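Before we start, here is the structure in question, set down as structure tokens.
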Amino acid sequence: MSQIQVNEIASDDEVVMEKIRQLRLSVWRSVFQVADDLTDACEEFDRFAKHWGAFDGDRIVGSARLTIHDQMTDVPDSEVYEGILSHLSGPIGSLNRLVVAASHQGRGIGRELDMVRIDAAQKAGCAWIVGSTPVGKRRVLQLQSLGFISKGKGRDYSGPKWYSSQQSEVMVLTL
Ligand SMILES: CC(C)(COP(=O)(O)OP(=O)(O)OC[C@H]1O[C@@H](n2cnc3c(N)ncnc32)[C@H](O)[C@@H]1OP(=O)(O)O)[C@@H](O)C(=O)NCCC(=O)NCCS
């Protein structure tokens, strides 16, 4: 983490937000070939989300998003939580769109981007933070190490989303 700087990004900073979208695309393509078009309903949350970027000099090498909601039906990918965490009431933090460039993975940047979002959700008065991850056990373990509890397999993602065919794990952190 030595020369890496994590900064909050204004959602109306179109220059940096475009770099974030390009980073998401390149990272997700390296994980799922089908991630060729990230323009789905969940990207629309970008406009009112809080964003953070990890910078190596001028280059953005990591990014992550937090949204805050009054009810579970409003969170991104709300369908996966149905009957599992639907009872939570707001304010609820939702973690989404965490990516770290392949060249910079394994150096603690993902963890830092998680911690800054947990801190922001806490300061915003959230009682819970939820997340659903489609990438498997390593990410689940990372979230558990930050205090998240696994609630098991999520309901199916609905389309149109490029990750609709993936199985998710539903996670929740009580603040
Ligand atoms: C998951 C990801 C953000 C982790 O970022 P990172 O900066 O490498 O993570 P850190 O260095 O802070 O922590 C490393 C931990 O992250 C997790 N991790 C690392 N690479 C991972 C990967 N490819 N997939 C899932 N989890 C991963 C593991 O828990 C790892 O700990 P371990 O090495 O003891 O297994 C990064 O690998 C990535 O961008 N992956 C592709 C996109 C993605 O899966 N996003 C998360 C969606 S929920």
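Bear in mind that the values here come from a model prediction, so they are computed numbers and not experimental data. Below, each value reflects all heavy atoms present in this structure, side chains not excepted, and no hydrogens, waters or symmetry copies. Every number for a ligand or one of its atoms is a count from 1 in the order of the listing. Throughout, numbering of the chain's residues begins at 1 and tracks the sequence.
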Query - Per-atom contact, atom 8 (O) of ligand 1, protein heavy atoms, under 4.0 angstrom - result: yes
**Report entry** Short N or O distance, G110 and ligand 1, threshold 3.5 Å exclusive
**Finding:** yes
Report summary line: for atom 48 (S) of ligand 1, nearest protein heavy atom and its distance come out as T133 OG1, 3.1 Å
Query raised in the report: Considering distance alone, does some N or O of L141 sit under 3.5 Å from an N or O of ligand 1?
Result: no
Requested in this report: Provide, to 0.1 Å, the distance between atom 11 (O) of ligand 1 and the closest protein heavy atom, together with that atom's residue and name.
Outcome: G108 N, 2.7 Å
Report task. Looking only at protein heavy atoms, identify the closest one to atom 46 (C) of ligand 1 and say how far it is in Å. Result -> L98 O, 3.6 Å
Query raised in the report: Counting each atom of ligand 1 from 1 as listed, which ones have a heavy atom of V135 under 4.0 Å away?
Result: 44 (O)
Report task. Identify, by atom number and element, the atoms of ligand 1 in contact range of V31, meaning under 4.0 Å from any of its heavy atoms. Result -> 41 (C)
Query raised in the report: Without hydrogens or angle criteria, can the side chains of S150 and E169 be said to hold a donor-acceptor pair below 3.5 Å?
Result: yes
Query raised in the report: Can S145 and R111 be counted as having a side-chain donor-acceptor contact under 3.5 angstrom?
Result: yes
Query - Side-chain donor or acceptor of H51 paired with backbone N/O of R65 under 3.5 Å - result: no
Query raised in the report: Are any side-chain N or O atoms of S168 and backbone N or O atoms of S132, one a donor and one an acceptor, separated by less than 3.5 Å?
Result: no
**Report entry** Summary of side chain to side chain donor-acceptor pair (under 3.5 Å) pairs that have at least one residue in residues 80-91, sequence neighbours excluded
**Finding:** none
Query raised in the report: Is L23 reachable from F32 through a run of hydrophobic residues whose side-chain heavy atoms are each under 4.5 Å from the next?
Result: yes
Query - Pairwise side-chain contact, I129 with L175, heavy-atom cut-off 4.5 Å (strictly under) - result: yes
Query raised in the report: Does R107, backbone or side chain, put an N or O under 3.5 Å from an N or O of ligand 1?
Result: yes
**Report entry** Where ligand 1 meets I109 - atom numbers and elements under 4.0 angstrom, heavy-atom basis
**Finding:** 7 (O), 12 (O)
Report task. Name the closest protein heavy atom to atom 33 (O) of ligand 1, giving the residue it belongs to and the distance to 0.1 Å. Result -> R138 NH2, 3.2 Å
Requested in this report: Using ring pair (Phe, Tyr, Trp, His ring centres under 6.0 Å) as the criterion, list what pairs up with F55, not counting sequence neighbours.
Outcome: none
Query raised in the report: Is a salt bridge present between D156 and K161, judged by a nitrogen-to-oxygen distance below 4.0 Å?
Result: no
Report task. Flag yes if F148 and L141 sit in one hydrophobic cluster, no otherwise; membership is Ile, Leu, Val, Met, Phe, Trp, Tyr, and two members link when side-chain heavy atoms are under 4.5 Å apart. Result -> no
**Report entry** atom 1 (C) of ligand 1 - nearest protein heavy atom and its distance
**Finding:** R139 CD, 4.3 Å
Report task. Output yes when the distance from some N or O of ligand 1 to some N or O of S132 is under 3.5 Å, and no in every other case. Result -> no
Query - Heavy-atom nearest neighbour in the protein, as seen from atom 39 (O) of ligand 1, with distance rounded to 0.1 Å - result: V100 N, 2.8 Å
Report summary line: In this structure, atom 43 (C) of ligand 1 is nearest to the protein heavy atom W28 CH2, 3.5 Å
Requested in this report: For salt bridge (Lys or Arg N to Asp or Glu O under 4.0 Å), just list the numbers for D114 and R139, CA-CA rounded to whole Å, side-chain angles, deciding distance to a tenth of an Å, and then say yes or no.
Outcome: CA-CA 11 Å; D114 281 338; R139 177 65 182 146; 2.7 Å; yes
Query raised in the report: Does the N or O separation between V99 and ligand 1 drop below 3.5 Å for any pair?
Result: no
**Report entry** Proximal atoms of ligand 1 relative to V27 (non-hydrogen, under 4.0 Å)
**Finding:** 39 (O), 41 (C), 42 (C)
Query - Ligand-side contact atoms (ligand 1) for residue partner R111, heavy atom cut-off under 4.0 Å - result: 12 (O)
**Report entry** Check against salt bridge (Lys or Arg N to Asp or Glu O under 4.0 Å), D13 and K19
**Finding:** CA-CA 10 Å; D13 184 337; K19 287 182 182 168; over 6 Å; no
Query raised in the report: Which residue supplies the protein heavy atom nearest to atom 13 (O) of ligand 1, what is that atom called, and how far is it?
Result: Q142 NE2, 3.1 Å
